[in-house]
**Student:** 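My questions all concern the structure below.
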Amino acid sequence: NLCSFLHDTFPSGFLWGSGTSALQTEGSWDQEGKGPSIWDHFTHSNVRDKLATDTANVASDSYTRWDEDVEALEYLGVRSYYFSLSWPRLFPDGNAKGRPNTAAVEHYSRLIERLLDKRIEPIVTLYHWDLPQVLQERYGGWKNDTLVGMFEEYAAFCFNVFGSRVRYWLTMHNPYLVAVQGYGTGVHAPGETDGPAGFLIAHAKAWHTYNTHFRPAQKGKVSIVLGSHWVEPQRGQATAANIELCQQSVEAALGWFANPIFGDGDYPVSFKMKHGALLPTFSPEEKLWVQTTADFFALSFGPNNLRLARGLVQYGQTVTPDLRRVLGWIKLEYGDPKVLVIEGSWFSEASVGKEDTVSSNFYFSTFNAVFSFKAITFDGVQVFGYSAWSLVDGFEWNYGFTVRRGLFYINFSQPNRTRTPKTSAQYYRRPNSIHLKMIYDSVSLFVYTH
């Protein structure tokens with residue numbers, strides 16, 4: 001039957017999931033010992049300067065309503081939950097050599113234990129953009145090499161305290177966006193415009209720390225979430241030169257961090273030719289040290305990357321939300337790694353409520369699941385999980401609360417922050433015959449059109 005067909009087609013143990021990040025959903029920004037993050041400082045300063053009206057002070061209130069998030073996951077019937085730890089909540093002064101904030105340790109322990117009790121796999125990110133503000137003020141943030149060692153110590157603490165219960169770790173979420181928008185355009189925290197920072201070495205340090213000191217006993221896997229867009233020639237414009245420009249566009253986004261880790265240990269040649277003056281130079285030993293510092297490929301394919309790409313596209317090119325093509329590119333470029341799709345969705349306007357089947361987010365989430373299905377079935381890509389982003393509506397960075405990305409609706413004017421499933425959540429539930437029928441119909445349609 002239909003359900004059996006699709007269950008058989010997706011790999012056994014496929015990690016259907018959903019996700020959130022600490023800054024976007026937790027709230028309680030100064031409660032129970034938490035220190036300020038660079039995003040707290042950034043949003044508070046912008047509100048004072050009347051450049052913005054929103055902060056993440058309360059957001060989805062997930063720090064106190066975490067059990068309601070777990071209930072939402074149960075409603076969906078998913079097998080995994082992607083979330084991030086808050087560095088300034090665990091260590092308000094940023095220093096993991098010191099004493100941790102006990103309330104934060106207990107909070108994340110409760111969350112992990114509850115997930116495991118519900119047979120939901122925790123997929124845990126160490127850093128999703130919320131650097132302790134004190135490290136920004138004291139050292140200048142990620143541009144200072146001191147942070148590489150401090151991140152390694154923070155990672156080691158998390159591996160030690162939580163690692164016996166966590167099988168999948170992610171060091172950072174989409175450093176490309178942080179580098180471009182946090183240190184390039186300045187629209188993200190810390191709001192700087194003078195060049196990229198040293199995320200790659202920090203990630204590699206954390207991976208080697210796990211590999212040496214924790215993997216033998218814990219037997220987990222560690223990677224880094226990398227974001228991308230997809231650009232291709234418009235119909236009738238597929239010249240060799242245009243195809244090469246499209247290749248370089250993807251190399252400049254996804255390849256920036258993927259090529260050193262999954263490729264030859266260095267930045268893509270096209271990227272170095274354009275931006276070499278801003279990039280660190282790797283010695284042969286450093287290339288070998290950075291190479292292979294990921295146990296699987298974790299991909300973010302969402303609106304932030306795609307919107308950014310639309311400003312870079314050239315004549316005769318088009319940006320498309322085709323996850324299947326990105327997955328195929330990864331397979332061809334990096335030797336067929338196992339892939340976990342961490343962030344697959346779009347957004348809807350804030351005015352769109354619970355009935356969101358007409359929204360871009362609904363179709364983007366659905367068709368990305370279809371594209372994952374096709375990449376596995378027809379292209380042989382080793383996709384082992386897919387996470388619809390996000391579980392609940394939250395604070396959407398420089399867009400504040402003007403857009404929504406959650407499967408669950410939250411009325412931010414109500415203090416109880418009730419999680420109400422949107423129509424998209426009802427379709428995403430698994431197993432669910434309506435959802436499976438829709439995927440099946442979509443695949444049947446797209447087989448003939450792609």
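Since the model is a prediction, treat every value here as computed from it, not as a measurement.
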**Student:** Using 4.0 Å as the upper bound for N to carboxylate O, is an ion pair formed by Arg89 and Glu26?
**Tutor:**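 Yes, Glu26 and Arg89 are salt-bridged.
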**Student:** So, Asn46 and Thr43: side-chain donor and acceptor under 3.5 Å apart, yes or no?
**Tutor:**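 No - no donor-acceptor pair under 3.5 Å links their side chains.
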**Student:** Donor-acceptor check, side chain of Asn242 to backbone of Gln237, threshold 3.5 angstrom: yes or no?
**Tutor:**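 Present.
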**Student:** Check the side chains of Thr55 and Asn57 for a donor-acceptor pair under 3.5 angstrom, ignoring hydrogens and angles.
**Tutor:**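 On atom types as modelled, these side chains qualify, holding a pair under 3.5 Å.
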**Student:** Within this structure, what is the CZ-OH distance for the pair Phe162 and Tyr108, rounded to the nearest 0.5 Å?
**Tutor:**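 Between Phe162 CZ and Tyr108 OH, I get 8.0 Å after rounding to 0.5 Å.
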**Student:** Would you compute the distance between atom CZ of Arg324 and atom CG of Leu327 and round it to the nearest 0.5 angstrom?
**Tutor:**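 Here the interatomic distance stands at 10.0 Å.
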**Student:** Verify whether one side chain among Asp336 and Gln382 offers a donor that lies under 3.5 Å from an acceptor in the other.
**Tutor:**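 Note: Asp336 and Gln382 side chains meet the donor-acceptor criterion.
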**Student:** With no hydrogens and no angle check, just 3.5 Å: does a side-chain donor-acceptor pair link Glu121 and Ser80?
**Tutor:**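 Short answer, no.
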**Student:** Just how far is it from atom CD of Gln317 to atom CD1 of Ile243, taken to the nearest 0.5 Å?
**Tutor:**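 Here the interatomic distance stands at 10.5 Å.
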**Student:** Trp397 and side chain to side chain contact (heavy atoms under 4.5 Å, CB included): which single residue from Leu177, Leu23, Val187 fits?
**Tutor:**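 Testing each of Leu177, Leu23, Val187 against Trp397, the sole residue satisfying side chain to side chain contact (heavy atoms under 4.5 Å, CB included) is Leu23.
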**Student:** Distance to the ring centre below 6.0 angstrom and angle to the axis at most 45 degrees; does that hold for Arg429 and Tyr75?
**Tutor:**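 Yes, Arg429 sits over the ring of Tyr75.
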**Student:** Would you check if Phe42 and Gln136 make a side-chain contact, meaning some heavy-atom pair closer than 4.5 Å?
**Tutor:**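 Contact flag for Phe42/Gln136 side chains = no.
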**Student:** Do you know which of Thr20, Thr125, Leu340 makes side chain to side chain contact (heavy atoms under 4.5 Å, CB included) with Tyr82?
**Tutor:**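 Considering Thr20, Thr125, Leu340, a side chain to side chain contact (heavy atoms under 4.5 Å, CB included) with Tyr82 is found only for Thr125.
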**Student:** With side-chain contact (heavy atoms from CB on, under 4.5 Å) as the test, would you mind laying out the steps for Ser228 and Ile330 before giving the verdict?
**Tutor:** CA-CA 11 Å; Ser228 188; Ile330 291 168; over 6 Å; no
**Student:** Roughly how far apart are Leu226 CG and Asn174 CG, rounded to 0.5 Å?
**Tutor:**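 One finds 7.5 Å between CG of Leu226 and CG of Asn174.
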**Student:** For Glu32 and His107, which I'm curious about, is there any donor-acceptor pair between the side chains at under 3.5 Å?
**Tutor:**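 No donor-acceptor contact under 3.5 Å links the two side chains.
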**Student:** Side chains of Arg417 and Thr25: any donor to acceptor distance under 3.5 Å?
**Tutor:**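 Side-chain D/A pair, Thr25 to Arg417: absent.
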**Student:** Inspect the contact between Asp295 and Arg215 and indicate whether a charged nitrogen and a carboxylate oxygen are less than 4.0 angstrom apart.
**Tutor:**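 Salt bridge: yes.
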**Student:** Check Phe91, Phe199, Phe157, Trp142 against Phe151 for a ring pair (Phe, Tyr, Trp, His ring centres under 6.0 Å) and give me the one that passes.
**Tutor:**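 Per the ring pair (Phe, Tyr, Trp, His ring centres under 6.0 Å) rule, the option paired with Phe151 is Trp142, out of Phe91, Phe199, Phe157, Trp142.
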**Student:** Rounded at 0.5 Å granularity, tell me how far OH in Tyr176 sits from OG in Ser300.
**Tutor:**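 Answer rounded to 0.5 Å: 11.5 Å.
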**Student:** Using side-chain contact (heavy atoms from CB on, under 4.5 Å), reason through Lys338 and Ser223 one step at a time and then give a plain yes or no.
**Tutor:** CA-CA 11 Å; Lys338 292 185 176 180; Ser223 187; over 6 Å; no
